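Structure first, then comments.
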Amino acid sequence: MKIKTLPSQLFPSSLPWLLPIVLVLLFVAVLIWLPWQAQRMETNERQEQLIADTLWVEQALQFQLNRHQESLANIAEDFASGKVSNDVLSARLRLYATNNHEIADLALWDAQDKMVASNIEIHPNSPPDSFTEALNANANFTQRLHKPSCVKSQQQAASLVTLYCRFPLFRDKSYLASVTVSYRLQTLLDETVPWWFAQENEISLYDQDEKLLAKRAAGGPGKNVYTHNRALEFPQLSLNLHTNSTKAEPKLLSNLLVVSVVLLSLGLVWSLIALWRDINRRLQAEGALRKEAAFRAAMENSLITGLRARDMEGRLTYVNPSFCKMLGFPAEELVGKLPPMPYWAPEEITEYENRFAQILTGTVQPEGFETIYQRANGERFPVLIYESPLVDDNGKQTGWMSSILDVSELKRAQELSRQQEEKLHQNARLATMGEMASMLAHELNQPLAAISSYATGALNILKQEQQIDQQSLSEALEKTTQQAQRAAQVIRSVHQFVKKREASRALFPISTLLQSVMPLIALQAQSAHIHVQYQIDPDLPEVLGDQVLIEQVILNLTRNAIEAMHNVAYAKRQMQIHAHVIADPHLPHSQLLLIQIIDQGHGVTAEVAEQLFSPFFSTKAAGMGMGLNICRTAIEFHGGSLKYRANPAGGTVFEFTLPCNANKDESNMEQA
Ligand code: ADP
C-alpha cells in the first residue's frame with residue numbers, strides 16, 4: 001500500500017509560523033495603539049471643546065457688560081438732554097437694576113459729580129461707602145481719560161467682590177455726566193454662564209494678582225485636567241476667566257470599545273493557541289499514522305501470505321504484493337476488478353460464484369477453505385483461503401478481507417512424504433520378503449528335508465517287489481503330510497510376524513530409546529570383543545516417529561560397525577556412539593538431533609561406496625544387503641538424513657539426523 005506523505009518542504013522550518021506570529025503581534029500592537037490614540041483624541045476634543053465653550057462664555061459675559069454700558073449711556077444721554085426728570089431717571093435705574101440681578105447699585109451723576117439719580121434712595125451728600133470708594137478711585141482718572149473705567153472692591157470674601165464701573169458722558173470734550181454701576185461678580189457668573197456649562201465646568205474669575213473674585217461650580221470642583229484661561233476685559237481692568245472641567249481624563253479600560261477590543265484580542269490569542277495545539281496534535285497523530293502505515297506496508301509487503309480486500313459487490317479494493325506475485329498479475333490489473341476475476345480457473349467458476357454467494361449471506365468458514373486458482377501463465381495451483389469481514393469505524397461492514405495461502409508447496413511436500421512412505425513400505429515389504437525368504441528357507445529346511453526323506457522311503461517301499469508294507473507306507477505318507485502341515489504353519493507364523501511391522505508415529509524421548517538399546521548393543525559387542533563408548537548430551541529432546549524403526553536403524557548401524565571391526569586388532573576394536581543436539585544448517589533457529597556410530601573397522605572402499613545404499617548389496621557372505629537401504633528410508637521418512645564418512649582414526653562414521661520435536665511444532669504451525 002502506498003502512503004502519500006505530506007512534503008515536508010511545505011513547512012520548511014519555523015518560517016510558516018513567523019508570518020502569523022508577526023501578523024498577530026502587529027494586530028495586538030494596533031489594538032493597543034488604537035485605544036491610546038482614541039483616548040488622546042478624546043482628550044484633545046475635550047480640551048478644544050472647553051476652549052470653545054470658555055470663549056463662548058467670555059463673549060456672553062462681554063456682551064452682557066457691553067449691553068449694560070450702552071443702556072446706561074442712553075440713560076446718561078437722557079439726563080444730559082435735560083428732558084427727563086430725575087425721578088424718571090431714578091425709576092429707570094431701579095427698573096434696570098431689578099431686571100439685571102448682577103447689578104447691585106446704579107447711580108447717575110452730573111458734571112459736578114453730584115448724584116442725581118440712583119436705583120436706591122441715597123442721600124446725595126452721603127452716598128454709600130462703596131460709591132465714594134469708587135468715585136475716589138475713578139472719578140478724576142476717568143474724567144481725565146474721558147473713558148469708562150472699572151475697579152474692583154476691596155472685599156475679602158470672594159462671593160462678595162463687587163466691580164465698580166463708571167461710564168462718563170462727554171460732548172465736545174466737555175464732561176456732562178456719568179453713570180456708575182456696581183456689579184456683583186458672583187451673580188454675574190451665576191446669571192450669565194449657562195447652566196449646562198456650569199454643570200460641566202468650574203468657572204472662576206481672578207484678578208491680576210491671581211486672587212479669586214468669584215467662582216461657580218454647579219457640577220462640583222474642577223478636576224484640573226482640562227483648564228483654560230481667558231482675559232475678561234473691563235474698561236481699564238482686565239480680569240482672568242478661568243474654566244476648569246469637572247471631567248477627568250478619559251479612562252482607558254472603562255471604554256466599552258477598549259474592553260471589547262481587549263476581549264477580542266484575548267479571544268484571538270486564545271484561539272490561535274488552541275489552533276496551534278490542535279495543529280500540533282494533528283501533526284503528531286499524522287506522524288504516528290504515517291509510521292503505523294509504513295509499518296503496516298512493510299509488514300504486508302514482507303508477508304508470504306496473499307492478502308486481498310473486496311467490497312460488498314465483490315470488487316477488489318486492495319491486493320498485497322504477495323498476492324500479485326502468487327498469481328503473476330500486477331496490482332493495477334486486479335484492483336477495481338469485478339467478478340469474474342482473471343485468476344479464476346474457468347472450470348471452477350460455478351464453485352467460486354457459489355462460495356461468494358455464501359459469503360454474502362454471512363457464512364464464513366473460520367477454518368478456511370481450499371480451492372484452485374489460475375496463474376497468469378495458465379498454471380493451476382491449490383490455495384487455502386481465510387475470509388473475515390471488513391468493518392468500518394461506524395461498525396458497518398464494507399467488504400471482506402481474505403488471506404490466501406499458496407499450498408502447492410505444501411501439497412508437493414505431502415505428496416513427497418506419501419511417496420516416501422510408500423517407498424518405505426515397499427522397501428519394508430522387500431526387506432520383509434528377504435527376511436521371510438531366509439526365515440522360510442531356514443524353517444522350511446527341516447520339514448522339506450523330512451518330506452523328502454519320507455517321500456524317498458515311500459518310493460522305496462513301492463519299489464519293493466515283495467508285498468507292499470501298507471503299514472509302513474501309510475506311516476511315511478502321514479509323516480509327509482505332517483511335515484507339509486508344519487511347513488504351512490511356519491509360513492503362516494512368519495507371515496504373521498511380518499504383518500505386525502507397521503510404522504506408527506508417537507512422541508518418545510530419544511534418551512530413553514538409547515537406554516533401551518544399550519544392552520542389546522552390549523550383547524552384540526561383547527561376543528566380538530568390542531569396547532563401546534557413549535557420548536550422550538543430557539536433556540536430549542523428544543522425537544516424533546516410530547520408535548521401533550529408529551531402534552532398528554541404530555541396531556543395524558551398530559551391527560555393521562561391529563562386523564566391520566571383525567578382523568582388526570583387539571586394541572582397535574573401539575566403537576563410539578554419540579548423540580548431540582546441533583543447529584539446523586538449513587533452518588535458522590531450528591535444531592537437529594545428531595546420532596553418530598563411529599567404528600575403526602575396514603572402512604568403505606570406493607567400489608563399495610557406489611552401491612552402499614542399494615538394496616540387496618552386501619559384501620558379507622550371509623548378508624542380505626537391505627540394512628542400510630532400509631535405514632536410510634526410515635530416517636528420511638522421519639525428515640532426517642543418513643550419511644557416512646571416513647573416520648580419520650581409521651574406519652567409518654555413520655551418522656543420521658532427526659528433527660527435534662520443537663522444530664516439528666514450528667513447521668506444523670507454518671504449514672497451518
Ligand atoms: P548387510 O549388512 O546385510 O551386508 P547392509 O546394507 O547393512 O547389508 O550393508 C551393505 C554393505 O555395506 C555391507 O555388506 C558392507 O560391505 C558395507 N558396510 C556397512 N556398514 C559398514 C561399516 N560400518 N564399515 C564398512 N563397511 C560397511
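Just so it is clear, the model here is predicted, and its values are computed rather than measured. In this chain, residues are counted from 1 in sequence order. In listed order, ligands and their atoms are each counted from 1.
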Please confirm whether Lys620 comes within less than 3.5 Å of ligand 1 when only nitrogen or oxygen atoms on both sides are compared. yes
Quick one: nearest non-hydrogen protein atom to atom 24 (N) of ligand 1, plus distance? Ala564 CB, 3.3 Å
Whether Gly603 lies under 4.0 Å from ligand 1, heavy atom: yes
Among all protein heavy atoms, pick out the one at the shortest distance from atom 8 (O) of ligand 1; state its residue, atom name and that distance to 0.1 Å. Gly625 CA, 3.2 Å
Side-chain donor or acceptor of Arg573 paired with backbone N/O of His531 under 3.5 Å: no
At their closest point, which heavy atom of Asn647 faces which heavy atom of Ile598, and how far apart are they? ND2-CG2, 3.3 Å
Flag this pair as yes if the NZ/CZ of Arg355 is under 6.0 angstrom from the six-membered ring centre of Tyr352 and inside a 45 degree cone about the axis; otherwise no. no
When you compare the side chain of His578 with that of Leu594, does any pair of heavy atoms fall below 4.5 Å? no
What orientation do Tyr644 and Phe613 show, parallel under 30°, tilted 30 to 60°, or perpendicular over 60°? tilted
Search all heavy atoms of Thr371 against all heavy atoms of Glu351 and return the closest pair with its distance. OG1-OE1, 3.3 Å
One finds that the ligand 1 atoms under 4.0 Å from a non-hydrogen atom of His602 are 25 (C), 26 (N)
For atom 11 (C) of ligand 1, the closest protein heavy atom turns out to be Phe617 O, 4.0 Å
Leu612 heavy atoms, cut-off 4.0 Å: which ligand 1 atoms fall inside? 12 (O), 17 (C)
Kindly confirm or rule out an N or O of Asn629 lying under 3.5 angstrom from an N or O of ligand 1. no
For atom 21 (C) of ligand 1, the closest protein heavy atom turns out to be Phe654 CE1, 3.9 Å
So which heavy atom in the protein is nearest atom 7 (O) of ligand 1, and how far is it from that ligand atom? Asn560 ND2, 2.9 Å
Specify the protein heavy atom at minimum distance from atom 4 (O) of ligand 1: its residue, its atom name, and the distance to 0.1 Å. Ser618 OG, 2.5 Å
Heavy-atom nearest pair, Gln374 first then Pro342, reads NE2-O, 4.2 Å
Could you tell me whether Arg290 and Glu286 make a salt bridge, using a distance below 4.0 angstrom between a side-chain N and a carboxylate O? yes
shortest atom 23 (N) of ligand 1-to-protein heavy-atom contact is with Asp599 OD2, 2.9 Å
Students should be able to answer this: which protein heavy-atom is nearest to atom 5 (P) of ligand 1, and at what distance? Leu628 N, 3.7 Å
Heavy-atom closest contact (Thr652 atom, Arg645 atom, distance): CG2-O, 3.4 Å
Return a yes/no value for Thr619: is any of its N or O atoms, backbone included, closer than 3.5 angstrom to an N or O of ligand 1? yes
With only distance considered, is Val608 within less than 3.5 Å of ligand 1 through an N or O on each side? no
Salt-bridge test for Arg559 and Glu563: reply yes if a basic N is under 4.0 Å from a carboxylate O, no otherwise. yes
Counting from 1 in the order shown, the ligand 1 atoms closer than 4.0 Å to a non-hydrogen atom of Thr652 are 24 (N)
